[in-house]
Amino acid sequence: MINFSNNIFKLSTDKTSYWFQITKFGHLEHIYYGAYLPEDQPVEPLLHKRAAELGSCVIYDASDDKYCLDNMCLEWSGIGKGDYRNTPAEIIMPDGTYTADFVYDEHKITDGFDIIRDLPSSYGSKEECKTLEITMHDESNDAGLNLYYTVYEKANVITRRASIANRNKSPMTIRKLMSMNMDIPNDGYRFITFDGGWIKEANKHERKLSYGIQVNSSTTGSSSNRHNPGFLLASESATESTGNVYGFNLVYSGNHYGAVELSNHDLVRIQLGINPYCFEWTLEDCDFKCDECIGGDCGRFETPEAIMSYSDEGFNGLSQNFHNFINNHIVRSDWKNKERPIVINNWEAYFFNFNTEKLLNLAKRAKKLGVEMFVLDDGWFGKRDNDKAGLGDYNVNTKKLPGGLIDLAKKIHKMDMKFGLWFEPEMINEDSKLYRAHPEWALKTPEKKSALGRNQLVLDLCNPDVRDYIVENVTEILDSASIDYVKWDYNRHISDACSPCVKEQGRFFHEYIKGLYDILDRIFTPRPHILLESCSSGGNRFDLGMLCYSPQIWTSDDTDPIERLRIQNGISYLYPLSTMGAHVSEAPHVQTLRDTPIATRFNVAAFGCLGYELDLKFLSSVEQKEVKEQIEFYKQYRKVFQYGRFLRGEQFKDNKVVWHVVDKDSKTGISGFFQTLTTASEGFDRLRFMGLDPEKKYTVKTRPQRVFIKRFGGLVKHILPVSLDPGGLILREANKHYSMNDCIEDYTAYGKSLMSGLMLNNQFEGTNYNENTRLLGDYGSNLYIVDAIDYKNK
Ligand code: DGJ
């Protein structure tokens with residue numbers, strides 16, 4: 001899996017190879033990253049040729065006029081020796097200059113993964129991964145740089161990180177230190193990022209690489225909803241299932257910086273790491289004997305871990321590499337690879353306006369429908385009747401919950417449901433007991449008034465006393481009320497980014513995130529039974545760092561399924577369905593005013609960790625039946641939805657989205673066919689299944705779902721002998737008690753023919769309606785269940 005001979009490192013996974021060599025001057029030159037190559041493949045054809053001295057080059061050493069760093073594919077680079085591309089490291093070296101030239105010293109290969117101090121990382125057993133550590137040095141400065149490569153063979157992922165140490169008497173100041181740098185030849189790449197904002201996270205954007213630098217970064221203090229840290233490079237012709245795709249991501253929840261640069265000789269430089277924005281970290285002279293120095297504070301700086309993967313099976317191939325890797329080597333706790341409970345959350349039902357009675361009623365109704373866990377969201381403590389007060393306080397609001405949390409938790413548990421609780425521990429309101437006692441714990445720029453976000457300030461997690469306060473208060477509640485699940489929220493970006501507790505203000509953003517990890521570690525590592533769902537106004541912190549603590553993340557505050565098609569689709573390129581919280585809510589949706597069928601709300605949310613977030617009291621009797629059946633269905637296929645192979649269908653029309661999940665043996669699959677805005681007289685729809693076994697015989701059947709009478713409005717006059725007021729009492733009442741069955745299709749076919757495309761029944765298009773017409777209209781959808789026949793009969 002990691003081999004070294006003739007100065008060449010060969011890193012192999014099941015399906016990929018990553019090769020680089022030590023040059024005669026000690027630089028690390030990238031040779032190849034792509035589909036697996038047998039190790040005896042001669043290296044010469046893959047090498048970048050240096051036959052001619054290229055124009056306007058700075059020559060590294062007079063002995064070789066063709067050795068120019070600017071035109072080489074490098075695994076790392078410095079400043080001041082002729083490489084003018086985006087540098088992975090900008091450091092004021094101990095000699096006071098920016099010139100840095102790190103060359104190879106030695107290396108070692110070990111089994112397993114080496115822990116990074118103070119930062120979360122991937123993990124694997126000695127059998128699952130191997131680590132290559134390369135030590136380099138800059139001679140004139142007596143500074144050491146270590147590059148780490150961890151190879152996860154089965155997962156087809158290689159992770160990278162760097163650490164730097166100052167062995168000099170004079171200080172060294174890091175202004176930029178990437179986790180990885182890699183240069184590859186261009187292949188007409190498209191740069192694909194996942195961008196957005198509140199309620200529109202992870203929308204996929206792509207642009208063709210062009211000369212210069214393109215950046216995907218965050219400066220908000222967290223990984224952000226603006227630009228997810230993960231990004232892809234795909235060859236021009238790559239599709240969902242064919243072509244070359246590279247993927248990169250960072251195990252980090254703070255400001256990130258990802259960049260791709262196309263050089264004038266068509267080399268692509270890829271970098272990923274902590275954002276250099278407002279970053280400065282001075283390493284003092286150090287004797288490397290104290291504990292602090294080992295990975296810590298004074299003499300050494302360690303970057304977070306970057307992960308890379310490659311697939312020649314298109315975007316789906318790449319996503320599956322990431323999905324398996326995250327499920328097996330990022331997510332921890334007792335919930336790793338475990339089926340997640342179906343949730344009822346009270347937020348969109350009541351916002352801040354609830355009391356015990358309302359909560360218990362909601363829980364009772366949910367229990368009847370098959371829901372497994374009740375989550376009490378914001379508003380249970382302090383004076384928190386709106387978002388202007390209470391954050392920072394942990395005393396239960398006894399006006400709303402006279403019996404307290406312990407009593408509520410007991411009652412919920414008695415209903416045989418799990419109990420989950422919302423916290424927002426990193427924040428403080430000025431109107432809180434905590435702020436009155438400790439105003440200095442909130443972030444503040446000296447002599448300036450702090451800027452508010454959602455009426456709140458951010459607590460200074462660089463301060464150990466603040467961290468202790470949070471850990472003590474949160475753990476006390478978790479233990480006393482036997483909480484099964486925590487929703488850890490974080491609802492604003494950071495401003496006034498300074499702290500009296502850091503040595504230099506350039507450390508603030510990174511120290512904040514290390515402080516957060518310290519808190520999460522102290523609370524949740526000793527309590528692996530608690531299912532943690534992190535949240536940040538939805539998906540403002542959807543990243544691999546948070547996933548090391550929270551097996552799932554609230555994907556977005558947008559629960560409109562049509563928006564979720566875009567959001568969950570975007571997230572699915574980088575993260576598995578087991579990590580995405582997805583709830584059915586009320587329509588018209590609070591985020592968009594869009595009115596969507598309850599079937600579509602479920603059909604979208606089923607491709608994730610399902611929950612409900614609406615006042616169930618207002619469901620009509622037929623809607624209740626519908627929801628009950630949805631939940632039964634989800635339970636039956638939950639494992640496939642959460643952990644199956646997820647495949648995005650090729651987008652064959654602008655108003656269609658198709659998703660598939662298939663279990664690991666290709667015995668059972670579910671495909672979702674979604675229509676956004678309909679067009680008049682829709683053409684024939686062909687559903688191309690994916691991931692099935694071509695040789696297996698399958699049954700395909702539509703999941704039964706209801707169509708509600710109100711969808712037809714005045715059109716009911718076409719089927720009734722009398723003309724009724726479409727908004728009148730009779731139809732409104734009828735809609736509560738009766739519904740029509742949506743068309744069910746039922747086929748038997750071999751996987752091969754299903755994957756070539758199943759021709760579906762016609763959609764309703766104004767001329768006809770019968771039980772074989774698919775009633776999609778705007779926002780309609782269906783799920784199709786595929787079951788292998790031989791398997792069922794065994
Ligand atoms: C933002 C979250 O994303 C919502 O789900 C909800 O928990 C609110 N915060 C509560 O304030």
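Ligands are counted one by one from 1 in listed order, and the atoms in each one are counted from 1 as well.
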Trainee: Can I get a per-line list of side-chain donor-acceptor pairs under 3.5 Å for residues 595-607, giving both atom names and the distance, sequence neighbours left out?
Mentor:
residue: T596; atom: OG1; partner: H589; partner atom: NE2; Å: 2.7
residue: T596; atom: OG1; partner: R601; partner atom: NE; Å: 3.4
residue: T600; atom: OG1; partner: Y779; partner atom: O; Å: 2.7
residue: T600; atom: OG1; partner: S781; partner atom: N; Å: 3.4
residue: T600; atom: OG1; partner: S781; partner atom: OG; Å: 2.8
residue: R601; atom: NE; partner: T596; partner atom: O; Å: 3.2
residue: R601; atom: NH1; partner: S585; partner atom: O; Å: 2.7
residue: R601; atom: NH2; partner: T596; partner atom: O; Å: 3.0
residue: N603; atom: OD1; partner: R703; partner atom: NH2; Å: 3.2
residue: N603; atom: ND2; partner: A599; partner atom: O; Å: 3.2
residue: N603; atom: ND2; partner: Q705; partner atom: OE1; Å: 3.1
residue: N603; atom: ND2; partner: S781; partner atom: OG; Å: 2.9

Trainee: Applying salt bridge (Lys or Arg N to Asp or Glu O under 4.0 Å) as the test, list every pair that has at least one member in residues 325-342; sequence neighbours left out.
Mentor: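 Sorted pair list: E339-R638.
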Trainee: So, H256 versus Y252, ring centres under 6.0 angstrom or not?
Mentor: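 Ring centres of Y252 and H256 not closer than 6.0 Å.
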Trainee: With salt bridge (Lys or Arg N to Asp or Glu O under 4.0 Å) as the criterion, how do R706 and E629 come out once you've worked through the C-alpha distance, each side chain's angles and the decisive distance to 0.1 Å?
Mentor: CA-CA 10 Å; R706 290 177 172 72; E629 285 162 18; 3.0 Å; yes
Trainee: In chain order, what residues pass the side chain to side chain contact (heavy atoms under 4.5 Å, CB included) check against E206, with sequence neighbours excluded?
Mentor: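 With sequence neighbours excluded, E206 shows a side chain to side chain contact (heavy atoms under 4.5 Å, CB included) to R190, I192, K204, given in chain and number order.
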Trainee: Could you name the protein residues that come within less than 4.0 Å of ligand 1, counting only heavy atoms, and order them by chain and residue number?
Mentor: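 For ligand 1, the residues that come within the 4.0 Å heavy-atom cutoff are W347, D377, D378, W422, R454, K487, D489, N491, C535, S537, G538, W554, D557.
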Trainee: Would you say I330 and Y575 make side-chain contact, with heavy atoms under 4.5 Å?
Mentor: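 Not in contact.
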